[in-house]
Protein chains: 2
Amino acid sequence: MAGIAEVARLAGVSKSTASRALTGSGYTSDETRERVRSAAATLGYVASNSAVTLATGRTNTVGVVMPYLNRWFFAEVLEGIQQSLLERGLDLTLYDAKPGTVGRSLIFQDYLARKRFDGLIAVGLEPDDREFDRLVQLGRPVVTVVGSADTTTDVAIDDDFAARRATEHLVALGHRRIAFIGGTPQQHWAHVDRRRLDGYRGAMADAGLAEHASHIISEVTVPGGYASAVDVLGDARSRPTALVATCDEVAIGAIIAARRLGVQVPSDLSVIGIDDHEFAEMFSLTTLRQVPREQGRVAVDLLLTHIAEPDKAKAVVRMRSTLVVRNSTSALDPQHSAVVVDSRQRQADASR
Amino acid sequence: MAGIAEVARLAGVSKSTASRALTGSGYTSDETRERVRSAAATLGYVASNSAVTLATGRTNTVGVVMPYLNRWFFAEVLEGIQQSLLERGLDLTLYDAKPGTVGRSLIFQDYLARKRFDGLIAVGLEPDDREFDRLVQLGRPVVTVVGSADTTTDVAIDDDFAARRATEHLVALGHRRIAFIGGTPQQHWAHVDRRRLDGYRGAMADAGLAEHASHIISEVTVPGGYASAVDVLGDARSRPTALVATCDEVAIGAIIAARRLGVQVPSDLSVIGIDDHEFAEMFSLTTLRQVPREQGRVAVDLLLTHIAEPDKAKAVVRMRSTLVVRNSTSALDPQHSAVVVDSRQRQADASR
DNA sequence: TTGAAAGCGGTACCAT
DNA sequence: ATGGTACCGCTTTCAA
């Protein structure tokens with residue numbers, strides 16, 4: 001409740017001096033600075049952010065737009081962003097822009113225009129063209145995490161690499177009938193799925209297995225992976241011997257489905273995911289680990305540099321994803337195939 | 001960028017009139033109001049929130065404090081809050097107060113004191129005494145969702161009822177060795193677990209099964225439920241025939257553990273949860289449904305009335321939880337026990 | 001019904 | 001190094 005005027009009075013200085021002492025801008029003698037600081041402390045003075053914003057133009061707030069809050073990746077990124085902002089004294093204003101909701105259109109119509117933030121982090125947003133235009137026309141720095149445009153600063157893993165590496169792992173284990181399970185290009189999260197699907201296809205082609213490539217369409221959730229896997233794993237003759245899942249949630253759904261159907265993982269079916277989800281350990285899931293929390297922190301760093309230097313060049317940051325071998329993948333059972341697996345290659349793979 | 005001064009100029013009126021026309025406060029002729037509105041529209045005028053806040057004291061922002069973002073209940077509540085706020089034109093500032101982190105202490109020390117919100121919603125926060133004092137001494141309305149104090153307005157389900165009803169369901173199915181699986185009172189989320197444990201014990205006592213009551217300690221997550229269940233379900237002689245889980249996440253963990261151990265659900269083991277988690281359907285989980293999203297919406301409603309009428313009496317809102325019978329619970333297999341189950345009671349239970 | 005002017009609580013420029 | 005003062009953009013008395 002106490003304003004800077006009262007602090008100044010108690011310290012016996014003017015408002016301007018008090019302001020300088022408190023913000024650290026401009027000259028102040030060490031002694032007066034101390035006096036002002038202790039006055040502020042005794043009064044429990046906290047600067048009104050609205051007044052600061054009005055005077056300086058800075059809101060000390062970062063906006064975060066994401067389409068989902070309840071999925072592992074998004075929640076983790078959000079936590080990373082939040083932690084990083086807390087350390088820097090910045091507030092986080094959240095905009096939940098679930099696709100196809102009135103809330104989303106309100107956000108793009110009204111909320112963003114209010115510019116109650118110094119910059120924006122958009123996570124896996126996949127905006128349509130109109131939405132994207134709104135975003136950039138704000139005139140505020142924007143950083144995307146898993147963005148779909150190539151004009152903003154973006155941070156993500158290399159999806160192509162991750163899917164490729166996952167597929168190669170299975171190939172090295174002797175698998176040939178390796179299917180990709182993930183979303184359709186029509187859905188949200190489409191770009192990511194598309195890139196991972198491409199990585200998978202590339203790896204299959206490189207291994208001379210192009211004609212074995214197949215795409216099992218699945219909603220990108222645990223129940224989605226479960227439902228799609230149930231449909232496909234029924235027939236022991238036709239089913240693949242290994243699955244590359246577009247992410248761990250789908251992989252876990254597939255494992256649950258396999259167990260229900262009596263298909264043993266990994267002896268009857270190898271499954272590899274991408275994420276290293278919090279449940280991965282529980283399901284002994286082999287996966288390509290990414291750390292979304294780190295991506296959130298990096299996004300904050302990038303955003304802050306863009307806020308400080310608006311003309312700075314846009315950047316593309318690709319975090320490394322690393323293979324974590326657990327027990328959901330194994331060498332192809334010889335009864336399924338006579339392919340000889342190079343054991344040194346397999347060992348090399350297992351020990352990474 | 002355009003300010004209200006330019007809108008006023010374009011409409012040929014004064015700033016004051018423009019303000020009245022736009023906010024709808026005070027007298028304005030219909031005609032001028034229209035003129036001002038269209039002027040604002042053509043200029044793409046958006047009021048600066050800092051200026052409004054500075055002049056009125058209202059921030060048009062609601063703060064939300066929660067200890068976790070990545071658990072189902074919290075994410076759902078957050079989505080409910082967000083949707084409701086969006087419809088009302090209010091911003092949501094998020095504070096992730098994970099127990100034991102520096103971020104949490106920063107939030108309580110600095111962030112809350114800045115009062116960048118008109119009111120606060122605290123979800124499952126379980127603040128210690130010092131933290132709680134800070135909360136109420138803000139002088140801003142506070143609404144809790146699943147709160148632990150009895151002095152704030154609070155919304156939640158009736159935990160005692162839910163656990164009681166869950167236990168009664170199993171009793172009606174003929175089970176006697178019914179264990180409760182959930183957290184310890186030392187952990188966070190402690191109050192909820194405590195109340196549910198009490199409800200379970202009450203129901204066991206009412207059924208004359210007090211001496212069969214037992215508490216399997218488990219971290220309140222899927223992997224936690226899994227780990228604890230693995231420890232307990234190994235021995236077919238000693239294990240319970242039914243589990244009341246403190247929430248669906250623990251229940252699901254237990255089901256996954258049971259499947260791993262070859263314990264059939266529900267024929268060897270009945271499991272009931274509380275929540276109706278997004279995975280409940282996939283695991284055919286019988287549960288007491290709550291809808292956290294609704295609790296979020298209700299919390300917003302309550303908070304807004306407190307903001308409008310600060311002296312309004314605090315309230316306690318208890319949402320109903322309803323039994324959803326799926327396939328994780330069934331009548332006790334006669335080979336396990338000779339207890340005769342009243343079949344009408346069982347049917348009544350199954351059809352709810 | 002409308003306009004003028006005084007704040008709201010800070011910052012920052014310009015003198016001193 | 002410090003003080004005076006205009007100003008950020010809007011709301012709200014008060015007078016007309």
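Order of the sequence lines fixes the chain letters, A, B, ..., with proteins taken first and strands second; residue numbering starts at 1 for each chain. Bear in mind that the values here come from a model prediction, so they are computed numbers and not experimental data.
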request  = Would you classify Val46(A) as touching base, sugar-phosphate or nothing, given that sugar-phosphate means primed atoms plus P, OP1 and OP2, and contacts are heavy atoms under 4.0 Å?
outcome  =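 Result for Val46(A) = sugar-phosphate.
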task = Could you tell me whether Thr53(B) contacts a base, only the sugar-phosphate backbone, or nothing, with contacts defined as non-hydrogen atoms closer than 4.0 Å?
result =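 Answer is nothing: Thr53(B) stays at 4.0 Å or more from every strand.
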Side-chain N,O ([X]) to OP1/OP2 ([N]) below 4.0 Å:
X	N	result
Ser50(B)	dG9(D)	no
Ser48(A)	dG9(C)	no
Thr32(B)	dT1(C)	no

inquiry  = I'd like to know whether Arg130(A) forms a salt bridge (charged side-chain N to carboxylate O under 4.0 Å, His left out) with Asp133(A), so could you lay out the CA-CA distance, the side-chain angles of the two residues, the decisive distance to 0.1 Å, and finally the verdict.
reply    = CA-CA 5 Å; Arg130(A) 258 200 19 248; Asp133(A) 285 348; over 6 Å; no
query = Are the side chain of Asn70(A) and the backbone N or O of Trp72(B) linked by a donor-acceptor pair below 3.5 Å?
reply =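 Here the side-chain-to-backbone pair does not exist.
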Base-contact (B) and sugar-phosphate-only (S) positions in nucleotides 11-16 of chain D, heavy-atom cut-off under 4.0 Å, - elsewhere = BBB---
key: Estimated bend of the helix from dT1(C)-dA16(D) to dT16(C)-dA1(D) (axis per five terminal pairs, rounded to 10 degrees)   =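 Answer for the end axes of this duplex: 40°.
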inquiry  = For Phe74(A), give me all partners under ring-ring contact (aromatic ring centres under 6.0 Å, His included), at least two apart in sequence or on another chain.
reply    =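 Phe74(A) satisfies ring-ring contact (aromatic ring centres under 6.0 Å, His included) with Tyr68(A), Trp189(A) once adjacent residues are dropped.
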message = Applying side chain to side chain contact (heavy atoms under 4.5 Å, CB included), can you list everything that pairs with Thr93(B), at least two apart in sequence or on another chain?
response =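 Thr93(B): side chain to side chain contact (heavy atoms under 4.5 Å, CB included) contacts with Asp91(A), Thr93(A), Thr61(B), Tyr95(B).
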Partners meeting side chain to side chain contact (heavy atoms under 4.5 Å, CB included) with Thr151(B) (sequence neighbours left out) =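 For Thr151(B), the residues satisfying side chain to side chain contact (heavy atoms under 4.5 Å, CB included) (neighbours in sequence not counted) are Phe132(B), Ala149(B).
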Set of residues satisfying salt bridge (Lys or Arg N to Asp or Glu O under 4.0 Å) with respect to [X], sequence neighbours excluded:
X	value
Arg35(B)	Glu31(B)
Glu131(B)	Arg104(B)
Arg140(A)	none

message = Give me each pair satisfying side-chain hydrogen bond (donor to acceptor under 3.5 Å, both in side chains) with a member in residues 295-304 of chain B, each pair once, sequence neighbours excluded.
response =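 Only Gln83(B)-Arg297(B), Glu87(B)-Arg297(B), Arg88(B)-Asp301(B), Gln290(B)-Gln295(B) qualify under side-chain hydrogen bond (donor to acceptor under 3.5 Å, both in side chains).
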Starting from [atom2] on [N], measure out to [atom1] on [X] and report it in whole angstrom.
X	N	atom1	atom2	answer
Leu43(B)	dC10(D)	CG	C1'	16 Å
Asn60(A)	dG10(C)	CG	C1'	13 Å
Tyr27(A)	dC14(C)	OH	P	16 Å
Arg35(A)	dA1(D)	CZ	P	14 Å
Glu6(A)	dG9(C)	CD	P	9 Å
Asn49(B)	dG10(C)	CG	C1'	16 Å

query = Taking for each residue the nucleotide of DNA chain C bearing the nearest heavy atom, is the 5' side occupied by Leu54(B) or by Ser14(B)?
reply =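 Taking each residue's closest nucleotide, the earlier one in sequence belongs to Ser14(B).
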